[in-house]
Amino acid sequence: MADKNQNQYHPAEVNGYHRSDQESLEEIEEARRKKKMKWTIGIIAFIIFQVVQGLFFVLVIMKFKSPKFRVADFTIPTLTTEAQTSPSFNMSFVAPIRVKNTNWGPFKYDASTVNFIYGDVQVGQATIPKGKANFKSTKKIDVPVTLNSGALPTSSNLGSELTLKSQGELKGKVTVMFMFKKTKISKMNCTIEISTSAKEVKSLHCS
């Protein structure tokens with residue numbers, strides 16, 4: 001009787017061991033599967049990060065733009081005009097020239113000039129020395145200017161307002177990451193309306 005009970009008990013132990021081994025294998029496989037999934041997710045995330053970084057570099061960092069070349073608003077300490085017998089004017093001021101560089105690298109430019117024009121005649125000029133506008137910044141250059149109507153035809157008419165144009169071209173190179181360079185040309189084309197009676201700039205528009 002004892003032998004029969006003993007023989008009936010042993011298969012249960014053996015079946016228990018089989019169930020335990022199978023559960024262990026399943027746990028190991030599950031752990032491997034989770035680890036493989038984590039690696040897969042990590043690799044995909046890394047690839048996406050590299051693609052986004054590459055697009056940002058190409059579309060933003062490596063996108064070279066021409067810096068903006070402008071004359072800013074200014075005051076006129078000296079202005080004399082004659083609108084009756086012999087129409088003429090003389091004017092002196094300090095022109096605030098601005099070079100706005102929106103690139104991710106410095107813009108080194110050569111010396112240049114800005115011409116001031118009344119009608120179709122040049123009435124003055126400003127000299128811009130060579131320099132550099134750092135990345136994401138605006139270079140400020142203040143230059144003295146003297147304008148006069150000596151080159152105008154004697155038949156010119158001068159009213160209570162003078163409409164001047166300031167035109168110029170700035171040529172230089174933008175350098176990104178110390179190795180990528182590209183030549184850029186910035187052009188100035190501004191229209192300045194001056195009140196001769198108030199001796200001040202009424203409006204200034206640059207395109």
Side-chain angles (χ1 to χ4, degrees), residues 53-81 88-152 156 161-196 199-207:
Q53 190 178 47
L55 288 174
F56 178 78
F57 182 79
V58 172
L59 298 178
V60 179
I61 304 298
M62 294 301 294
K63 189 174 182 180
F64 294 88
K65 298 179 182 178
S66 294
K68 293 182 179 180
F69 184 34
R70 301 286 187 267
V71 59
D73 196 10
F74 56 89
T75 58
I76 306 172
T78 304
L79 172 60
T80 58
T81 61
S88 63
F89 68 84
N90 285 281
M91 186 187 319
S92 295
F93 57 91
V94 174
I97 307 298
R98 303 292 182 257
V99 182
K100 186 178 181 180
N101 180 23
T102 59
N103 293 286
W104 290 88
F107 173 62
K108 292 183 179 180
Y109 53 86
D110 300 325
S112 184
T113 56
V114 174
N115 298 319
F116 290 87
I117 299 168
Y118 178 77
D120 295 323
V121 180
Q122 181 177 319
V123 294
Q125 191 176 74
T127 300
I128 311 300
K130 69 177 182 179
K132 179 179 72 172
N134 291 321
F135 74 97
K136 296 292 181 180
S137 65
T138 300
K139 176 72 173 180
K140 297 180 180 180
I141 313 160
D142 295 330
V143 292
V145 178
T146 298
L147 309 182
N148 65 75
S149 58
L152 293 178
S156 297
E161 292 183 0
L162 293 176
T163 300
L164 302 174
K165 290 184 178 180
S166 61
Q167 298 177 341
E169 186 175 277
L170 206 60
K171 183 177 181 180
K173 288 184 178 181
V174 176
T175 304
V176 176
M177 297 184 68
F178 305 102
M179 64 178 78
F180 301 104
K181 297 182 179 181
K182 192 168 185 178
T183 300
K184 283 293 179 181
I185 297 176
S186 299
K187 294 185 177 182
M188 176 191 294
N189 187 16
C190 300
T191 301
I192 309 164
E193 292 186 2
I194 297 173
S195 170
T196 57
K199 297 183 180 181
E200 65 180 14
V201 176
K202 288 187 61 178
S203 67
L204 192 157
H205 175 72
C206 296
S207 59

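As the structure is a computational prediction, the values presented were derived from the model and not from experiment.
- Side chain of Asn103 to main chain of Gly105: no donor-acceptor pair is present (N/O by atom type, distance under 3.5 Å, no hydrogens or angles).
- Val114 and Ser166 make their closest contact through CG1-CB, 4.0 Å (heavy atoms, listed as atom of the first residue, atom of the second, distance).
- For residues 106-130, the set of pairs meeting the salt bridge (Lys or Arg N to Asp or Glu O under 4.0 Å) definition, not counting sequence neighbours, is empty.
- In this structure, Gln122 has no side-chain hydrogen bond (donor to acceptor under 3.5 Å, both in side chains) partners at least two apart in sequence or on a different chain.
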Which atom pairs, one a donor and one an acceptor, fall under 3.5 Å between side chains of residues 181-194 and the rest of the protein, sequence neighbours left out?
residue: Ser186; atom: OG; partner: Pro67; partner atom: O; Å: 2.5
residue: Glu193; atom: OE1; partner: Ser203; partner atom: OG; Å: 3.4

Donor-acceptor contacts under 3.5 Å from residues 170-180 side chains, at least two apart:
none

Given side-chain contact (heavy atoms from CB on, under 4.5 Å), test Leu162 with Thr196 step by step and report yes or no. CA-CA 7 Å; Leu162 293 176; Thr196 57; 3.7 Å; yes
Could you list the donor-acceptor pairs under 3.5 angstrom formed by side chains in residues 71-80, with sequence neighbours left out?
none

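- Under the 30°/60° scheme for interplanar angles, the aromatic rings of Phe89 and Tyr118 are found to stand perpendicular.
- Qualifying side-chain hydrogen bond (donor to acceptor under 3.5 Å, both in side chains) partners for Glu161, counting only residues two or more places apart in sequence or in other chains: Lys202.
- Ring centroid separation for the pair Phe69 and Tyr109 does not come in under the 6.0 Å cut-off.
- Side-chain contact between Arg98 and Lys140 is present, with at least one heavy-atom pair separated by less than 4.5 Å.
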